[in-house]
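What follows is one structure encoded as structure tokens, with my remarks underneath.
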Protein chains: 2
Amino acid sequence: MARERKFTNPELFKATKLLLIGDGYDSFTFSKLASMMEVSRGSIYKYYENKDELISAFLVYEMNRFLQDFNELDKSGDFKTQLFLVIDFIFSHSEIHQILEIINQIPKKSNNPYLSNQTRLKTYYVEMYKQFQIIIEQGKKEKVIKNHLSNAIILGMIFQTIAIPNHFGIPQDQWIASIKEILSEGMFTKD
Amino acid sequence: MARERKFTNPELFKATKLLLIGDGYDSFTFSKLASMMEVSRGSIYKYYENKDELISAFLVYEMNRFLQDFNELDKSGDFKTQLFLVIDFIFSHSEIHQILEIINQIPKKSNNPYLSNQTRLKTYYVEMYKQFQIIIEQGKKEKVIKNHLSNAIILGMIFQTIAIPNHFGIPQDQWIASIKEILSEGMFTKD
DNA sequence: TAAGATAATGACACTTGTGTCACTTTGAAT
DNA sequence: ATTCAAAGTGACACAAGTGTCATTATCTTA
């Protein structure tokens with residue numbers, strides 16, 4: 001017994017993603033979003049009180065999907081296969097790097113009373129880290145990964161590499177192959 | 001036969017750097033800068049037409065200093081020593097990563113007639129790349145660096161690593177040592 | 001087909017930043 | 001001491017984003 005909605009939440013998030021990845025957090029405005037959705041700006045306020053609330057909800061949505069996809073990865077196979085599978089996975093979800101950066105750009109306000117999206121985001125973050133830690137620990141146990149390297153640096157290196165700008169347009173598969181090689185064996189020749 | 005200035009250019013750039021590195025390009029405003037310098041906003045307009053012009057000038061200034069410092073590095077010693085010297089250097093100038101990112105955030109306008117700061121910035125960028133390329137090429141000639149890895153990816157890996165967030169507060173020297181090790185020998189144990 | 005619940009709209013008041021400029025202040029040179 | 005060029009100021013008009021809300025539109029169901 002009500003009017004039909006002109007847009008769904010997933011549609012909203014799709015447009016949000018485009019704007020966020022294209023222009024970044026600061027340039028994101030309800031005006032742009034509304035005109036992209038061909039909807040009045042006021043209507044968005046019916047569902048989200050402001051920019052930060054919408055973006056938080058969007059990030060939760062994205063992280064959720066990311067973790068879900070990650071959990072569906074094939075967990076069989078030896079460690080090396082699994083590590084490379086994970087690297088491929090991260091590359092095929094390369095927006096995750098920008099998304100994680102946006103999380104830190106949302107100003108922390110002490111407004112929401114109970115479990116706000118902000119807190120939930122942190123939970124997801126920790127959850128993601130745990131998942132990766134498990135794999136790394138396994139690698140160390142199997143003595144494939146050097147034991148004296150901290151998990152933090154290994155995780156950091158893997159995540160950071162997806163953000164390396166490919167200025168010279170090297171083909172994606174060659175690019176990824178090189179990264180895998182450097183991460184595992186380094187850039188030096190064997191002596 | 002004129003009044004004394006309340007602030008010098010280097011002072012202006014110092015404050016600019018603080019604001020840019022702290023809050024990023026988008027949040028940078030003349031208001032904040034003026035209040036940080038304890039000067040009226042209008043006075044800054046005496047020297048720079050707008051935010052973009054000031055930031056361009058600042059970036060030129062910073063890149064200049066960076067390249068100058070870089071050129072003063074000890075160029076003797078074998079390749080490995082030199083590479084590690086460069087990595088140490090980049091880490092001790094870790095703001096360079098954020099500065100390079102800001103360059104891409106300045107909107108490109110077709111206003112300035114001749115050699116604008118924007119073009120000069122590109123020149124510096126290319127210049128910097130050349131300097132590093134030379135070292136890498138030498139490494140390849142000396143057969144220390146694997147020949148089949150593209151310079152782009154080697155440079156990218158080195159630069160990107162300085163931006164890895166050290167969430168767990170691992171001591172700087174241990175952190176850098178790990179990065180050097182991974183970059184050169186990888187994270188896998190020798191089989 | 002009329003009711004009424006919900007969706008959407010657009011105008012309003014407010015905030016923050018921008019760029020300009022007539023005016024005031026300052027201090028070195030005469 | 002006076003002059004005056006350059007430095008500095010703050011008010012003004014404008015632009016763009018924000019959040020609100022009375023009003024209008026649309027769809028379902030009874």
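Here the structure is a predicted model, which is why all the values come from computation and not from measurement. The chains referred to below are lettered A, B, ... by the order of the sequence lines, with proteins before strands, and numbering in each begins at 1.
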In this structure, how many angstroms lie between the C1' atom of dT29(D) and the CD atom of Glu4(A), rounded? 16 Å
Taking only side-chain nitrogens and oxygens of Tyr48(A), does any of them come within less than 4.0 Å of OP1 or OP2 of dG19(D)? no
Worked verdict on Phe66(B) versus His93(B) for ring pair (Phe, Tyr, Trp, His ring centres under 6.0 Å): CA-CA 8 Å; Phe66(B) 180 81; His93(B) 289 68; 5.6 Å; yes
Decide yes or no, distance alone: a donor-acceptor N/O pair under 3.5 angstrom between the base of dG8(D) and the side-chain of Lys46(B). yes
Which nucleotide in dG17(C), dT9(C), dA7(D) has an atom nearest any side-chain atom of Ser31(B): dG17(C)
Gap between atoms OH and P, on Tyr47(B) and dT9(D) respectively (whole Å): 10 Å
Roughly, in whole Å, what's the span from OH in Tyr25(B) to P in dG17(C)? 15 Å
Tell me whether the OP1 or OP2 atom of dT26(C) has a side-chain N or O from Lys6(B) closer than 4.0 Å. no
Under the 3.5 angstrom rule, does the side chain of Glu11(B) hit a backbone N or O of Thr8(B) as a donor-acceptor pair? yes
Nearest listed nucleotide, side chain of Tyr45(A), among dG19(D), dA7(D), dG17(D): dG19(D)
Mark yes or no for a side-chain to base donor-acceptor pair under 3.5 Å between Arg5(B) and dG27(C), with no hydrogen or angle criteria applied. no
Ignoring hydrogens and angles, does a donor from either the side chain of Arg3(B) or the base of dA7(D) sit under 3.5 Å from an acceptor on the other? yes
Reckon Lys51(A) has a side-chain N or O less than 4.0 Å from the OP1 or OP2 of dG17(D)? no
If a pair satisfies salt bridge (charged side-chain N to carboxylate O under 4.0 Å, His left out) and one of its residues is in residues 95-105 of chain B, list it, with sequence neighbours excluded. Lys17(B)-Glu95(B)
What's the CZ-C1' distance between Phe30(A) and dT9(C), to the nearest Å? 16 Å
Over how many whole Å does the gap from Asp26(B) atom CG to dG17(D) atom C1' extend? 14 Å
Base, sugar-phosphate or nothing for Thr29(A)? Non-hydrogen atoms, less than 4.0 Å. sugar-phosphate
When you match Arg41(A) and Phe28(B) each to their closest nucleotide on DNA chain C, which lands nearer the 5' end? Arg41(A)
Calculate the interatomic distance between Asp52(A) atom CG and dG17(D) atom P; express it in whole Å. 16 Å
Is it true that Glu38(A) and Lys6(A) make a salt bridge, defined as a side-chain N closer than 4.0 Å to a carboxylate O? no
Under 4.0 Å from OP1 or OP2 of dT9(D): is there any side-chain N or O of Ser40(B) that close? yes
From CD of Glu38(B) over to C1' of dG8(D), roughly how many Å is that when rounded to an integer? 15 Å
Whole-Å distance separating the CG atom of Leu33(A) from the P atom of dG17(D): 13 Å
Within 45° cone and under 6.0 Å: Lys180(B) NZ/CZ vs Phe91(B) ring: no
